[in-house]
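Here is the structure we will look at, set down as structure tokens.
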Amino acid sequence: MADTLERSKKDFTSDQEPRWCPGCGDYAILAAVQSFMPELGVAPENTVFISGIGCSGRFTYYMDTYGFHGIHGRAPALATGVATANPDLTVWVVTGDGDALSIGGNHLIHALRRNVNLKILMFYNQIYGLTKGQYSPTSEVGKVTKSTPFGSVDRPFDPVALALGAAATFVARTIDNDRKHLTDVLRQAAEHPGAAFVEIYQNCNVFNDGAFDLLRDKTEGPHNQIRLVHGEPIVFDGGTRCVRLAANGRLEIAAVADTDPAQIITHDVHGPPSLAFTLAHLSQGPTEPTCIGVFREVQRATYGEAVHDQIARARERSGDGDLEALLTGGDTWTV
Amino acid sequence: MADTLERSKKDFTSDQEPRWCPGCGDYAILAAVQSFMPELGVAPENTVFISGIGCSGRFTYYMDTYGFHGIHGRAPALATGVATANPDLTVWVVTGDGDALSIGGNHLIHALRRNVNLKILMFYNQIYGLTKGQYSPTSEVGKVTKSTPFGSVDRPFDPVALALGAAATFVARTIDNDRKHLTDVLRQAAEHPGAAFVEIYQNCNVFNDGAFDLLRDKTEGPHNQIRLVHGEPIVFDGGTRCVRLAANGRLEIAAVADTDPAQIITHDVHGPPSLAFTLAHLSQGPTEPTCIGVFREVQRATYGEAVHDQIARARERSGDGDLEALLTGGDTWTV
Amino acid sequence: MSITVEERERVVVRFAGDSGDGMQLTGDRFTNATALLGNDLATLPDFPAEIRAPAGTVHGVSAFQIQFASTDVTTPGDHADVLVAMNPAALKADLSTVIRGGTLILNEDAFQKRNLDKAGYETDPRADGTLDGYQVYSVPMTSITVRAVEPVGVGKKEAERAKNMFALGLVSWMYDRPTAPTLEWLERKFGGKPEILDANVAAFNAGYNFGETTELFAHRVEVKAAPAEPGTYRNVAGAQALAWGLIAASRASGLPLFYASYPITPASDLLHELSRHKHFGVITVQAEDEIAAANMALGAAFTGQLAVTGTSGPGLDLKEETIGLAVITELPMLIVDVQRAGPSTGMPTKTEQGDLLAAMFGRHGESPIPIVSASSPSDCFEVAIDAARVAIRYRTPVIVLSDSFLQNSSEPWRLPDVSAIEGIDPHFAQPNGAGFHPYARNDDLARPWAIPGTPGLQHRIGGLERENVTGSISYDAENHERMTDLRREKVAGIAASLPKLEVDDATGDAELLVLGWGSTAGSIRAAVRRARDDGEKVAHAHLRWLNPLPSNTGDVLRRYPRVLIPEINEGQLALLIRGRFLVDARSFSRVQGRPLWADELDDAIEEALRG
Amino acid sequence: MSITVEERERVVVRFAGDSGDGMQLTGDRFTNATALLGNDLATLPDFPAEIRAPAGTVHGVSAFQIQFASTDVTTPGDHADVLVAMNPAALKADLSTVIRGGTLILNEDAFQKRNLDKAGYETDPRADGTLDGYQVYSVPMTSITVRAVEPVGVGKKEAERAKNMFALGLVSWMYDRPTAPTLEWLERKFGGKPEILDANVAAFNAGYNFGETTELFAHRVEVKAAPAEPGTYRNVAGAQALAWGLIAASRASGLPLFYASYPITPASDLLHELSRHKHFGVITVQAEDEIAAANMALGAAFTGQLAVTGTSGPGLDLKEETIGLAVITELPMLIVDVQRAGPSTGMPTKTEQGDLLAAMFGRHGESPIPIVSASSPSDCFEVAIDAARVAIRYRTPVIVLSDSFLQNSSEPWRLPDVSAIEGIDPHFAQPNGAGFHPYARNDDLARPWAIPGTPGLQHRIGGLERENVTGSISYDAENHERMTDLRREKVAGIAASLPKLEVDDATGDAELLVLGWGSTAGSIRAAVRRARDDGEKVAHAHLRWLNPLPSNTGDVLRRYPRVLIPEINEGQLALLIRGRFLVDARSFSRVQGRPLWADELDDAIEEALRG
Ligand SMILES: Cc1ncc(C[n+]2csc(CCOP(=O)(O)OP(=O)(O)O)c2C)c(N)n1
Ligand SMILES: Cc1ncc(C[n+]2csc(CCOP(=O)(O)OP(=O)(O)O)c2C)c(N)n1
Ligand code: SF4
Ligand code: SF4
Ligand SMILES: [Mg+2]
Ligand SMILES: [Mg+2]
């Protein structure tokens, strides 16, 4: 439902003052999203933001669009209802790593599988912020938190891998403090017809400060961000390192200098999800060189479209439903 | 907790008469499991079967072990409690595709992520049997069922891909009517220390008969089963077809005759999960040539072990807890 | 020997056989012919728990019971006058449902050793005295059917499968049912498969003729048409009526119907039925679980659709948190709970009224919600519309309680005039230039329903406590108390728009009020009538809305010296009534996974009157 | 001017400041010194909803209230005698908590324009009459602290951060608290960082000396030690006491403690506390959600551990289906619900008693469960042991109700003799050669607990209805009714092993019984005492077990002409009591997300007596 009216950030900014901790990465994401929205050409009233519970969940209140702050973990399901009922709406989901992957894991993977037309922004801070610092299913093994004073013992999810395993049609990763990259990924997510899953590395400076320094840091970042661009060879670290083909079809990170250019992999967001999955497993992000950008983008009918098509076809076949005919269909008798 | 007593199938067979529909694939799986159990050398009293709700859920009643028939979708969580509380038990989970992937999807992926020492047998019949024939999140698009009289519109999960996305340490697929293959996979699952996810193609002859004919059929099967064996080149169809490396690191199915042997991929259950993931996406199983066997096997500490290790270390550090000391720790005063 | 015709006011027939024997279909057809003949009737299918238990076993028995009469019928009958048993297992399972002295029609061919064994009979019940006191007719149904079908030339298996039609033919003869509807139906159903059609017709006729020509049966029974209000009738089951009621509410309100559900016995039929009516613009979503279904419905409600989610007990538990979210966001939405026997997985195919208190109180915090219940299969239609009307007018989720019995049983239904169904105006909020206040309330205490797409009304709602009027998040103590009160008062205030509780008190001076709710209406009505026929002064009132209660409930209760509340639970309504009105209502509780029997109520009424 | 010393019986002090100002720590230390001095006391922390709201804003205010006395203290005090406000926002947020005429100690340095703006003050409240009628002391806490700390040589920021120690020192002087405990504690805490230690000590001393040396304060207040039973005491918060009680129950039963939970305010502290005690063999699992946590606990219960899952309201909703499974499988398990203000997400940091009916009835079907509640922070210890004892003896899940207030507030606790805690024998089933019947019951109607690993006792349990004794799946009608009755009777029968309801009725002829449950005990006790002091005849009884109720509850109720039931909900216990006993109990309901105030109860008692 795009139009051509001129809008500004202000049109998407509600009168509520944000209440995150000073310095929280959420502020940067909010600013980026509010600034980006006018570009979409979608009126605030045709835009819906849906969130779960967590620090991230407050996002909804700061957008001057329609908004629904649901219960913990259920935002993808709530949003599926909205987007399926009214496919003319542009629906965004804002969620945290606990909200999306702990309590809400099932709804997330099903929304992705169904290809519901949702833009899902997952704030990945590897911690439970709102409940004051327990570990999250994305925290690294050994994490010491209030609920794991001796370190966590369970291996985290890689959200990108999980989304790919769930047959997601759009999967990307970006970083809170890189406004340009973030906006670029948002744009591609918005353009994608269907479920777009965007993992945003977000610094929680109160309970997990510095988790993404290797990638967020102005000097470290450029060395460790593997920026994926569709159709281009995967090189990074100022062109010195690359992703190349290794034995038995495996991929590996190597120095460009030591690599036959034919062995360098070209990024391809289409085709089977295997390449994207391989890229997600190149390293133990975010503490090693890590891919950011769009991992995968393929087009399939969205769930809302398919549902409404089926209704349209039923109406073509049988005409608009007639209640009287419905009741009297089958055997009746008259007294 | 293996021992060396001689046991027979009878020792694992309860006095309850199975009540599946005549001809259901569940019978074959039950017989295979009961026959296989003695081989493990684990006493029935140290074995626990846990199931959810569905036709598959009845499995528990037919095993003369400890058994818990939980509620719908929660078997992996219930079993996590059992296996974590008492790591000496051998814990099996029996679940259906709806039970495991629809309502229970979240518990499944978390049990896999945590690497809880569970052997999870998922009866994959692409339908809801017990509730009399609605489509399942594994049914193919366009499936006509009671709940989708005009065909389903949402794309199914590939359970193997989902499990790999969830960082599972053991992922395999087998077929109800191939006793030898099924037993072989059960054996490998049982030997794997940690969460083993086994998808079993199971014919529901009442609501989804013939779904796996291409693979189950005595004559069709051999042409279409890509039998994965660790360390061996992936060839099938009587050695005429293979999986080989294609452009840009992709894999494809090809005729052996047209293929440079060096390009044929060797199956490797270890290393990054990318190869397994690629193999899961080679085709649209089960209606095209499909991989069966073990996709992946890697070793990591099991959740139960890690939890108990942490307790043992705490006791080493601080001695066994002393209640009196706990209460009087901190400031006290005496009146 | 000439065959006499006996006229009877009412008869209860039960068909029982193996899951594969087609007993439900047989019952359906018999019902149809009976309905067309003009009897009043009520039916009760009784499915086995297993999909297809091994043939010939007791737990594989599938049965169908019908009561039909020349007068008013209110229940499918406590006990059967006639049992048609297609095999020993059916006899074993259902003999206890037959009145002493009743008629047993047995498929003789099935009473061999193997089948007796499978049914768990050590000796042949026909020979060992088990059936003493019953009128037993042993008819070789299978072999006669096979012989009759022989000319058609279908295989033996097909031929044997037609034996249910033989049974139908025979019973149709016994009760003088018209044969044309059945034959026409066979034609429609098997038109494309002439051999199967011919086989079934041959079997049906053989059964009918068997009655006519053999001397086995000394008399036929005639049950005259029941007086009925003029109108067009059809037979309808609760699940259908509820689905159609939702569609009717969608039409009446102009809101598209959105139904999100996760399959569960016995609520799945609602999903099945609604998913067939896409040309009504009905969206059906099979969600990944009940929590998702509830959230999807709530999301759809937010967009301005008529949002419904349906389930049974275990699913209700799972939806409670989301229902709480609907309560605090004050959005219209229906939650249908088709109750089944609990607790936990319980007995999924059996009926119960065990979820009333879970519907009232199943959410943490003070979370009031309107609750409405249906009292008969056809009543589900009206109930669905009423529930939608209240939900939309008051901007509130509403729980609709049905049960397994209601959903599956059927009765004749005088079709309503659909053009006369009153419209439901959703009164969506419209931009008026001024600031928009999502929690500004009208006289009903309802808040505006401003749907996405409406310019200028952007607002944010959610599960955190809201400031009244503005809808901003508020931790203010007084505001919280005010909102808690408002939510309660809003629901309580619905009573003003509901009909008063009507009492069926023939003489006006009853000594006992029997108060019920839900699917027990028929049984209670039957029992109360019988008590009156016996000269007792007994009144009956039946609650449709359980929250809020009709405004005159207290007055009604206090009018009677004694109050009896029969329920298929352990006294849930009784607790509410006692707690609210301090009336010493006595609970009659029977929790056996089946409808209440009128005759057990006879005793309860008797006791309550004397007690 | 000489400083006089005034003796007072009781004082309520409230510390309020920015989230970053360390008010909770200040309060804790003050509490500690007060406890060591021998006062009786009760505390109440009051956290902001946000993690770290922007500094200086009203919604970022964090407060800590303590009542201490030379006599019995039952609540943290309705209102504060003294408010220490570290900035204008704190004053704005909490002025209403101070009694008229009370004392305000303000951090003068923080009252600049910027901070006044942020707090939403248009003019300076110190100048515009807002504070008329209060005793206001404006103390430049920040600048004095910075000056005092200067010699230590830490940065300005570190120096400023020590201002809470200044406040603590000052108030310690005002109430003549011992300084040694605080200084020792600082030593322990900052021993490794000598500069920080020195800075804090300097600030604390500066505060103390400021009181001593300036002439600002005309008098100090002395609150003498309260008489107390001999014993060793400590201060304890509800969350700690509950966690330790669970550990004690684990020791008493010899069963390892298994705690599975999903974080949620205000229940997370239980997870935090338990996860620190791994050397007690405690397993803590942070589950993926509440449903998983409940199932994990149930799985652990199956293996023979002391299984516990804890949560708050929204999580209780989610666990209900699994609790139903625990009910039908009759396994021992505890479900701790730390109630918070609902419905839905509600006000997560605020207290309420809104989940009683959800605990009673929140599951579909007839699903009875024992419920126990704690009445004070230290009482949580005993309650945990009692709950475990009942769960294990009767093989049943038990719900333990606590609330936000109880979990966070603290009081002195006379430590129990741990060696005197009675053992809990789990009585695991042992193979006896004969067939094993998992649903054979003992006199308590409890079934055997046969744990995996026990040879010969293999058996299968689950959510489908069970045949009594054998535990086979059963769809039998009578069996279902029998089992439904048995489950109810088993829970009802627990009453026989519970203490009777005790009534605090000084004269034995009270005209009003005030009946409460849970965390309102202190407020009710205080109010009842005051009423008695005013010459009214008022009795108090407090329920610990809410299901089953003590066996003499009916007798107690009927002994009094009037019954008043105060609750922080809309009358949930009142409904149960009325419905069960037909007693015209009046509900006093205050749902403001805070503990009941004794003084609002004064009015309610007054009214009930006259009404
Ligand atoms: C049903 C339920 N369970 C638990 C909670 C408590 N809770 C609120 S937010 C949250 C986790 C937040 O973590 P995340 O999603 O990572 O968000 P963040 O705060 O880090 O942005 C939890 C456990 C809740 N509100 N509801
Ligand atoms: C909470 C809950 N929701 C729904 C159901 C109904 N139900 C029982 S089994 C089932 C699905 C079964 O499908 P699957 O897991 O594939 O097992 P199958 O019968 O095919 O073996 C459903 C929806 C239930 N028992 N509990
Ligand atoms: S706790 Fe962390 S994620 Fe939450 S607002 Fe504060 S800094 Fe941000
Ligand atoms: S319904 Fe299908 S899966 Fe279930 S028992 Fe029958 S054949 Fe097997
Ligand atoms: Mg997080
Ligand atoms: Mg299935």
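Naming convention: chains lettered A, B, ... in sequence-line order (proteins, then strands); numbering from 1 in each chain. Below, each value reflects all heavy atoms present in this structure, side chains not excepted, and no hydrogens, waters or symmetry copies.
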What residue in D:Ser367, D:Gly313, D:Pro314 has the most heavy-atom pairs under 4.5 Å with chain C? D:Pro314
Less than 4.5 Å to any heavy atom of chain C: does that hold for the side chain of D:Arg590, its backbone, both, or neither? both
Any side-chain heavy atom of C:Thr345 within less than 4.5 Å of one from D:Ile328? no
Could you have a look at D:Glu478, D:Arg482, D:His59, D:Arg594 and say which one has the most heavy-atom pairs with chain C under 4.5 angstrom? D:Glu478
In this structure, CG of C:Leu318 is separated from NE2 of D:His364 (nearest 0.5 Å) by 9.5 Å
Is it the backbone or the side chain of C:Asp485 that comes under 4.5 Å from a heavy atom of chain D, or both, or neither? both
So C:His480 and D:Met347, do their side chains get closer than 4.5 Å, heavy atoms only? yes
Hey, which of D:Met483, D:Gln572, D:Lys350 has the most heavy atom pairs under 4.5 Å with chain C? D:Gln572
Given heavy-atom pairs under 4.5 angstrom as the criterion, report whether the side chain, backbone, both or neither of C:Ile291 touches chain D. side chain
Just how far is it from atom CG of C:Leu575 to atom CG of D:Leu575, taken to the nearest 0.5 Å? 5.5 Å
In terms of heavy-atom pairs under 4.5 Å with chain C, the winner among D:Gly593, D:Ala326, D:Pro348 is D:Pro348
Go through C:Leu325, C:Leu356, C:Leu357, C:Thr349 and name the one with the most non-hydrogen pairs under 4.5 angstrom from chain D. C:Leu357
Distance in Å, D:Arg363 CZ paired with C:Asp355 CG, rounded so as to fall on 0.5 Å steps: 12.0 Å
Toward chain C, the part of D:Ser589 with a non-hydrogen atom under 4.5 Å: backbone
Looking only at heavy atoms and a cut-off of under 4.5 Å, which of D:Glu321, D:Glu481, D:Gln353, D:Glu352 has the most pairs with chain C? D:Glu481
Which heavy atom in D:Ser344 sits nearest to a heavy atom in C:Gly324, and how many Å separate them? CB-O, 3.7 Å
In chain order, what residues pass the side-chain contact (heavy atoms from CB on, under 4.5 Å) check against C:Arg578, with sequence neighbours excluded? C:Asp584, C:Ala585, D:Leu582
Side chains of C:Arg488 and D:Glu570: closer than 4.5 Å at any heavy-atom pair? yes
Would a 4.5 Å heavy-atom cut-off, applied to side chains only, mark D:Asp317 and C:Ile323 as touching? no
Return yes if some donor-acceptor pair links the side-chain N/O of D:Glu465 with the main-chain N/O of C:Gly346 below 3.5 Å, else return no. no
D:Glu366 portion near chain C, given a 4.5 angstrom heavy-atom threshold: both
What part of C:Ser312 is in contact with chain D, defined as an atom under 4.5 angstrom from a non-hydrogen atom: side chain, backbone, both or neither? neither
Toward chain C: residues of residues 336-343 of chain D with heavy atoms under 4.5 Å: D:Ala341, D:Gly342, D:Pro343
D:Ala358 versus C:Gly362, closest heavy-atom pair with distance: CB-C, 4.4 Å
Sort C:Ser474 into side chain, backbone, both or neither according to what part of it lies under 4.5 angstrom from a heavy atom of chain D. backbone
Measure the shortest side-chain to side-chain distance between C:Glu320 and D:Leu316 over non-hydrogen atoms and say whether it is less than 4.5 angstrom. no
